[in-house]
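What follows is a short report on a single structure.
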Amino acid sequence: MLPEKLDAPLPAGLSVWRVRLDGALEPAWALLNGAERGRAEEFRAPAARRRYVLARAALRRLLGESLACAPAEVMLRTGRHGKPALAGVQGLWFNVSHSGDYALIALSSQGPVGVDIEMQDERLSCVEEEALTARERAAPMNFFTRWVGKEAVLKAIGVGIGKYLNELSVLALEQGRYRLAYGRWPWPGFAAASLPAPPGYAAAIAWISAEKPAAGSSSGPG
């Protein structure tokens with residue numbers, strides 16, 4: 001299936017595309033480079049391999065349209081923490097997430113972006129105690145709604161999820177925007193918003209923003 005652009009109220013320069021991962025593998029495989037094919041073959045589970053191949057091919061199609069080149073000609077590199085980025089291109093950022101039967105692809109012309117989609121599998125709620133800060137535990141919210149916001153911000157920064165998990169608190173979701181609080185935070189401010197998601201899924205996007213963090217959150221643990 002071709003990527004579907006989401007109708008979501010986002011700042012200028014941001015767009016999000018949703019892909020249902022049920023397309024044919026052969027034409028998608030043809031768009032991948034050697035490194036991507038090698039990565040796909042590392043997945044032992046056929047379903048995981050399928051998700052990776054179809055999501056990567058959809059990403060290449062969208063980037064190819066943006067850069068006016070063939071999807072297979074898009075040059076990608078991997079950052080320090082494994083976040084993919086364009087090689088030799090300035091002014092265009094992207095991020096990808098896939099879970100279950102869907103992938104999300106975010107494109108940005110205004111700075112780093114992060115996106116996350118999660119199938120609401122209750123087995124994942126076992127990590128809730130470790131994943132939440134004290135401030136989050138005091139501010140009830142659906143775990144998956146909170147988790148996708150948190151992961152989207154950390155993906156926008158481009159750091160590993162585990163290291164800074166307890167330095168970021170997602171405190172509330174108000175009119176589609178997340179209210180964030182930071183601990184020992186060495187990066188610029190970020191904003192995050194909930195995204196439309198299929199039934200049984202949660203999704204969010206995050207981007208660099210001049211918005212100030214929650215009051216009293218500039219120091220100390222989140």
Side-chain angles (χ1 to χ4, degrees), residues 1-10 14-33 35-66 71-72 74 76 78 82-84 93-108 113-128 131 141-156 161 170 173 176 178 192-207:
M1 179 179 288
L2 295 175
E4 170 195 6
K5 189 175 183 180
L6 294 186
D7 183 13
L10 297 172
L14 288 176
S15 60
V16 185
W17 304 77
R18 186 165 65 211
V19 186
R20 186 170 175 87
L21 302 176
D22 60 357
L25 277 179
E26 186 173 345
W29 185 266
L31 299 183
L32 273 56
N33 62 23
E36 290 167 332
R37 293 176 184 178
R39 173 73 178 115
E41 291 171 348
E42 292 176 1
F43 289 101
R44 295 184 179 181
R49 185 182 309 117
R50 182 183 188 84
R51 284 194 295 268
Y52 174 82
V53 171
L54 293 177
R56 199 71 169 193
L59 170 66
R60 284 187 165 275
R61 290 189 182 103
L62 287 174
L63 291 176
E65 290 180 3
S66 297
V74 174
L76 300 174
T78 301
K83 183 179 181 179
W93 295 261
F94 68 88
N95 197 230
V96 183
S97 177
H98 49 80
S99 179
D101 296 327
Y102 295 92
L104 286 183
I105 300 171
L107 302 182
S108 169
V113 62
V115 71
D116 191 48
I117 183 169
E118 293 290 344
M119 185 168 60
Q120 298 189 37
D121 185 341
E122 292 305 320
R123 291 174 295 180
L124 296 179
S125 62
C126 64
V127 305
E128 185 169 353
M141 182 190 296
N142 174 271
F143 172 75
F144 292 97
T145 301
R146 171 176 273 142
W147 177 255
V148 292
K150 195 161 186 168
E151 187 160 350
V153 172
L154 294 174
K155 290 180 70 178
I161 297 299
V170 176
L173 182 62
Y178 287 95
S194 177
L195 291 172
Y201 290 78
I205 183 172
W207 61 93

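Note that the numbering runs from 1 along the sequence shown for the chain.
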**Item:** With K150 via salt bridge (Lys or Arg N to Asp or Glu O under 4.0 Å) - residues at least two apart
**Value:** E136

Output all residues satisfying side-chain contact (heavy atoms from CB on, under 4.5 Å) with [X], sequence neighbours left out; order by chain, then residue number.
| X | value |
| --- | --- |
| A40 | W29, R49, Y52, V53 |
| S194 | L173, Y178 |
| A156 | F190, A206 |
| A57 | A28, L31, L32, R61 |

Quick one: closest heavy-atom pair of [X] and [Y], and the distance?
| X | Y | result |
| --- | --- | --- |
| R18 | P198 | NH1-CD, 3.8 Å |
| H98 | A103 | CB-CB, 3.7 Å |
| S66 | L107 | OG-CD1, 3.9 Å |
| A202 | V148 | O-CG1, 3.5 Å |
| L76 | E36 | CD1-OE2, 3.5 Å |
| V113 | L14 | CG2-CD2, 4.0 Å |

To the nearest 0.5 angstrom, please state how far the [atom1] atom of [X] sits from the [atom2] atom of [Y].
| X | Y | atom1 | atom2 | value |
| --- | --- | --- | --- | --- |
| W17 | L6 | CH2 | CG | 9.5 Å |
| D116 | W147 | CG | CH2 | 8.0 Å |
| S99 | M119 | OG | CE | 5.0 Å |

**Message:** A side-chain contact here means heavy atoms from C-beta on lying under 4.5 Å apart; do R20 and E4 qualify?
**Reply:** no

**Prompt:** Is there a donor-acceptor pair under 3.5 Å between the side chain of R50 and the backbone N or O of G23?
**Reply:** yes

**Item:** Partners meeting ring-ring contact (aromatic ring centres under 6.0 Å, His included) with Y201 (sequence neighbours left out)
**Value:** Y102

**Message:** Taking the basic N atoms (NZ, or NE/NH1/NH2) and the acidic carboxylate oxygens, is any pair closer than 4.0 Å for E42 and R39?
**Reply:** yes

**Request:** Assess whether side-chain contact (heavy atoms from CB on, under 4.5 Å) is satisfied between L104 and V96, documenting all intermediate values.
**Result:** CA-CA 6 Å; L104 286 183; V96 183; over 6 Å; no

**Message:** Checking side chain to side chain contact (heavy atoms under 4.5 Å, CB included) between L54 and each of L25, D22, V19, which is the one that passes?
**Reply:** L25

